[in-house]
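Contents: one structure, followed by commentary.
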Amino acid sequence: MINNVLSNLFSKPATRNFPAKTREIAENVRGSVEFNTENCVYCGACALKCPANAIEVDRPAKKVTFDLYKCVACACCAEACRKGCIQMAKQYAHPSYRKMDVVFQGAPLLTDENGET
Amino acid sequence: MSNRTVIPFGPQHPVLPEPIQLKLELQDETVVSAVPHIGYVHRGIEKAAERMEYTQNVFLVERVCGICSFIHALCYCQGIEQLQNIEAPPRAKYLRVIWSELHRLHSHHLWLGLFADAFGYESLFMQFWRNREMLMDIFDKTAGSRVIISTCAIGGTRRDISDAHLQEILDTLDEVNKQLDKSIPVILNDYSVRKRTVGIGKITREQALELGAAGPVLRANGVAQDMRQLGYAAYGELGFEPVTENDGDCYARAKVRARECYQSVDLVRKAIRQLPDGEILTKPKGRPKGRVISRVEQPRGELLYFLAADGTNRLDRLRIRTPTFANVPPLVAMLPGCELADVPVIVLSIDPCISCTER
């Protein structure tokens, strides 16, 4: 035990000097969900897979509503999206004073060669 | 002439990490009887599981317990796999062992720290928790999250571990092993620690069996029962032997967990050495139908899931029995006859996880 005491006495602190030195974020971390609605076809696959019901897709209105504070960052939506519109960002969701939804609306609906969406 | 008093111990108490209330009846400073009350953190997860789709439940059951989240998901997924008649690929089985054992290792670190804190050894508490941080970093790197790692899926795992990360795990385990060599002897050999734990909270082997103790509480009484002996995931191929002690007191329970730390390190090393190449996910076909009981070993003991499904995309019933629930009756048997000052040590010695218990 005495070795432990001495090594702790002369070693650097185990904690980080936080605001000055932040923690390095790991490479493939599931931080927070990021939408890129440019290619979105509003198929609703993400909303179906979401275990927390954090995503609502309104196809006629071309609208995606995402409740950031219901999200559990499981990355199911990112796996379900075939258009690659959803990515997991390498940063954690920021704290906020109000609980608000993120709404995307009005991106073009893509059609295939048969004219179907 | 009687001068008995009743002291409520908990639900908020400095040594208790989670809310359980024990109504202690005392004769002077000696506990005569204890009545446990739970129900402070009930979240209705079993009912919620009936409303969600069975594929989404994987993420729900992980939230039963933050400390062994992966093992809950594993138990659930194994149950669904049995119902759907599919088997996870060999690589996924080994990955499951790696993540399960890392969870056990970090849970035991957490417990050893809390146990030290229960008899007022705060510096030792910090030593263990500092070492635990290395394990949390592994989860962050390999799974993308520190606590709820969400890597288990029905039919395998959602993520693979790269060779670079496997090497990193091995390096970290070397360091963890080195630190354990420094800290474990303090728990096991220190005079004041032994004074607070040896012979305290003793139950007999017969009592442990009769009251249905699980996990390290049972194994500290010399009963070699561990669900990993069933050989689920890849445990059957790793030559697993349960750790047992014979004294049945707080010291024996600490010793079992301390030895299990080393065992987990060995199991992860062995699993990495034998890790086969190949797929990590078998695509499930159809929907689950039937009834099944799935059992795995959590850091605290045997975890039991009962699943009933009728072929739709929702379960009929999900019943979760956690090891702490099984260990409450033995706890009530340990308390009578002990001093009031020993109550925190005894309560902590069963490694209570009340959030698990109440689901």
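Order of the sequence lines fixes the chain letters, A, B, ..., with proteins taken first and strands second; residue numbering starts at 1 for each chain. This structure is a prediction, so every number in the text was calculated from the model and none was measured.
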Do [X] and [Y] have side-chain heavy atoms sitting under 4.5 Å apart?
{"X": "A:V29", "Y": "B:K141", "result": "no"}
{"X": "A:V72", "Y": "B:R63", "result": "yes"}
{"X": "B:R130", "Y": "A:N8", "result": "yes"}
{"X": "A:E79", "Y": "B:R158", "result": "yes"}
{"X": "B:E53", "Y": "A:K49", "result": "no"}

- Salt bridge or not for B:D137 and A:R23, using N-O below 4.0 Å?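 A salt bridge links B:D137 with A:R23.
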
- Task: Flag yes if more than 12 heavy atoms outside B:E50 fall under 6.0 Å of its CD atom; otherwise flag no.
- Result: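 Atom CD in B:E50 is packed in, count exceeds 12.
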
- Inspect the surroundings of CZ in B:R51 and state if more than 12 heavy atoms from other residues, nucleotides or ligands are less than 6.0 Å away.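 Counting neighbours around CZ of B:R51, 12 or fewer heavy atoms of other residues, nucleotides or ligands fall under 6.0 Å, so no.
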
- Query: Contact part of A:C50 toward chain B, heavy-atom cut-off under 4.5 Å: side chain, backbone, both or neither?
  - Reply: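 Interface part for A:C50: backbone (N, CA, C, O).
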
- Side chain / backbone / both / neither for A:A73 at chain B, heavy atoms under 4.5 Å: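 Interface part for A:A73: neither.
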
- Task: Taking all heavy atoms of A:R30 and all of B:A143, pick out the closest pair and write down the distance.
- Result: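 Minimum heavy-atom contact is NH1-O, 2.9 Å.
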
- Item | Nearest non-hydrogen partners of A:S7 and B:K182, listed with the distance |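 For A:S7 and B:K182, the tightest heavy-atom pair comes out as OG-NZ, 4.5 Å.
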
- Measure from the side-chain N and O atoms of B:Q56 to the backbone N and O of A:L48, and report whether any donor-acceptor pair falls under 3.5 Å.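 At least one qualifying donor-acceptor pair exists.
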
Under 4.5 Å from a heavy atom of chain A, the part of [X] involved:
{"X": "B:I148", "result": "backbone"}
{"X": "B:E133", "result": "neither"}
{"X": "B:N57", "result": "neither"}

- To the nearest 0.5 angstrom, please state how far the OG atom of B:S162 sits from the CG atom of A:N28.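 Nearest 0.5 Å value for the OG-CG distance: 8.0 Å.
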
- Spacing of CG belonging to A:N53 relative to CE belonging to B:M52, to within rounding of 0.5 Å: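 The CE atom of B:M52 is 7.0 Å from CG of A:N53, to the nearest 0.5 Å.
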
- Query: What residues, two or more places apart in sequence or in another chain, satisfy salt bridge (Lys or Arg N to Asp or Glu O under 4.0 Å) together with A:E56?
  - Reply: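 Salt bridge (Lys or Arg N to Asp or Glu O under 4.0 Å) list for A:E56, sorted by chain: empty.
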
- Task: Identify, with sequence neighbours excluded, every residue that meets side chain to side chain donor-acceptor pair (under 3.5 Å) alongside B:D171.
- Result: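 So B:D171 forms a side chain to side chain donor-acceptor pair (under 3.5 Å) with B:Q167.
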
